[in-house]
Trainee: 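The following block contains the structure, expressed as structure tokens.
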2 protein chains.
Amino acid sequence: MKYPSGIKRGTLKTTNPIKSSNRIKYGSRGMTLEKDLDQANTYYLKENIAVIHKKPTPITVVKVDYPSRNKAKISEAYYKTPSTSDYNGIYKGKYIDFEAKETKNKTRFPFINIHSHQVEHMRQCHQNGGIVFLIIRFSAYNEVMLYPIERFLVHWDQYKLHDGKKSIPYQTIKSESILIQEKFTPRFDYLSAVDEFYLKER
Amino acid sequence: MKYPSGIKRGTLKTTNPIKSSNRIKYGSRGMTLEKDLDQANTYYLKENIAVIHKKPTPITVVKVDYPSRNKAKISEAYYKTPSTSDYNGIYKGKYIDFEAKETKNKTRFPFINIHSHQVEHMRQCHQNGGIVFLIIRFSAYNEVMLYPIERFLVHWDQYKLHDGKKSIPYQTIKSESILIQEKFTPRFDYLSAVDEFYLKER
């Protein structure tokens with residue numbers, strides 16, 4: 001399955017392949033979770049709770065014009081496949097690393113939503129002692145879950161190494177995740193789920 | 001002082017303001033340290049010593065063309081001012097955050113080389129328990145130093161809050177830094193300087 005790379009990257013992905021007829025809608029559909037996470041991160045930063053940022057979308061610049069001395073306009077560039085997850089930072093002295101994914105699928109989370117090198121990056125961060133997870137939003141239920149990478153990897157390795165299933169059932173993820181309760185500020189206080197699973201305090 | 005933003009970001013900066021006559025050379029001049037750090041990070045990753053990456057250069061995409069269904073070409077975009085430092089990751093379970101700067105200046109490191117919001121980002125990471133530093137290369141001497149942010153901030157705050165000097169003398173930085181010895185692989189093993197200053201082991 002191929003996505004037009006310009007839309008796929010830098011936005012959050014649903015599990016349905018993009019149709020050329022709804023390219024523009026696709027981008028906005030996926031923005032909800034990203035915006036909510038931005039809001040949470042801004043709140044954490046302002047309150048000095050954590051320093052967590054979304055990384056910029058990787059872009060290869062081919063051509064830059066200089067319409068005037070102090071202005072650079074990029075006139076040819078292409079999206080690159082990201083080699084890491086989208087979010088990282090520090091919380092209570094711990095390294096935090098995660099990827100956020102959104103799916104419209106009601107019954108499962110297909111692995112096609114995530115790049116192999118992103119998973120391997122998260123595995124390495126986990127092995128080096130970081131707190132690493134996926135944040136998955138099932139939009140059909142408006143449920144957002146924090147899925148610890150060590151639990152995700154069991155299914156992923158089954159799929160990759162033993163030709164296992166190409167997805168994880170919704171119910172499995174739900175039972176292995178911490179549900180992120182919707183609040184007022186921030187809307188998705190995912191660090192309280194981090195506390196619950198990893199730090200057992202707050 | 002204004003730099004053409006297209007060259008300034010994503011490359012390492014010298015202290016000399018860019019002249020329009022040497023725009024292209026400017027980019028390559030600053031690449032040495034960045035390439036050396038990329039080499040070190042690739043080595044650390046491969047040897048499972050640390051997971052540290054350079055963040056992509058932040059770019060605002062204005063216009064995307066689709067010459068074919070599966071191809072996205074960015075035809076108008078602009079460089080954005082970075083809001084964080086360029087490098088972060090995890091080492092021995094610790095959060096690592098740093099910015100790399102190169103200067104041709106023989107006697108001092110002018111503060112104009114670094115953005116205020118990058119300094120404030122590093123201050124926040126430090127306050128949250130991260131290992132945070134600058135890597136400064138004095139190209140005139142081919143000396144690369146790891147300068148702990150807590151020491152840099154003393155001078156920065158003097159400058160910002162008490163109208164102090166606009167630079168730090170080379171000799172001061174040298175006496176307050178850990179010199180990164182040049183080796184074969186990786187060329188600049190900056191994590192051994194991290195060990196020396198922060199972890200006192202290796």
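Throughout, a chain's letter reflects where its sequence line sits, starting with A, and its residues are numbered from 1.
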Trainee: Can the positive tip of A:Lys71 be found less than 6.0 Å from the middle of the six-membered ring of B:Tyr79, inside 45° of the ring normal?
Mentor: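 Because its charged atom misses either the 6.0 Å distance or the 45° angle limit, A:Lys71 does not stack over B:Tyr79.
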Trainee: Taking every non-hydrogen pair under 4.5 Å, which of B:Gly129, B:Ser83, B:Gly130, B:Ser75 racks up the most with chain A?
Mentor: B:Ser75
Trainee: Sort out for me which of A:Lys55, A:Lys73, A:Gln124 touches chain B most, counting heavy-atom pairs under 4.5 Å.
Mentor: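 The answer is A:Lys73.
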Trainee: Could you tell me which portion of B:Val62 (side chain, backbone, both or neither) has an atom closer than 4.5 angstrom to a non-hydrogen atom of chain A?
Mentor: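 Nothing of B:Val62, per the 4.5 Å heavy-atom cut-off to chain A.
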Trainee: Measuring from A:Asn88:CG to B:Tyr95:OH, what's the distance to the nearest 0.5 Å?
Mentor: 6.0 Å
Trainee: So which heavy atom on B:Pro56 is nearest to which on A:Pro58, and how close?
Mentor: CB-CA, 3.7 Å
Trainee: Could you grab the distance from atom CD1 of A:Ile52 to atom OG1 of B:Thr84, nearest 0.5 Å is fine?
Mentor: 13.0 Å
Trainee: So how far is it from A:Lys94 NZ to B:Lys94 NZ, rounded to the nearest 0.5 Å?
Mentor: 8.0 Å
Trainee: Using the test salt bridge (charged side-chain N to carboxylate O under 4.0 Å, His left out), find all partners of A:Lys174 that sit at least two apart in sequence or belong to another chain.
Mentor: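 A:Lys174 satisfies salt bridge (charged side-chain N to carboxylate O under 4.0 Å, His left out) with A:Glu143 once adjacent residues are dropped.
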Trainee: Of the backbone (N, CA, C, O) and the side chain (C-beta and beyond), which part of A:Leu45 lies under 4.5 Å from a heavy atom of chain B, both, or neither?
Mentor: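 Both backbone and side chain.
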Trainee: Filter on salt bridge (Lys or Arg N to Asp or Glu O under 4.0 Å), then keep only pairs touching residues 150-161 of chain A, sequence neighbours left out; what's left?
Mentor: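 Qualifying pairs, neighbours excluded: A:Arg123-A:Asp157.
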Trainee: So, taking the atom named CD1 in B:Ile59 and the one named CD1 in A:Ile74, what distance separates them when rounded to the nearest 0.5 Å?
Mentor: 4.0 Å
Trainee: So for A:Asn48, is it side chain, backbone, both, or neither that comes closer than 4.5 Å to the heavy atoms of chain B?
Mentor: both
Trainee: Determine the minimum heavy-atom distance between B:Ile49 and A:Asn128, stating which atoms define it.
Mentor: O-OD1, 3.7 Å
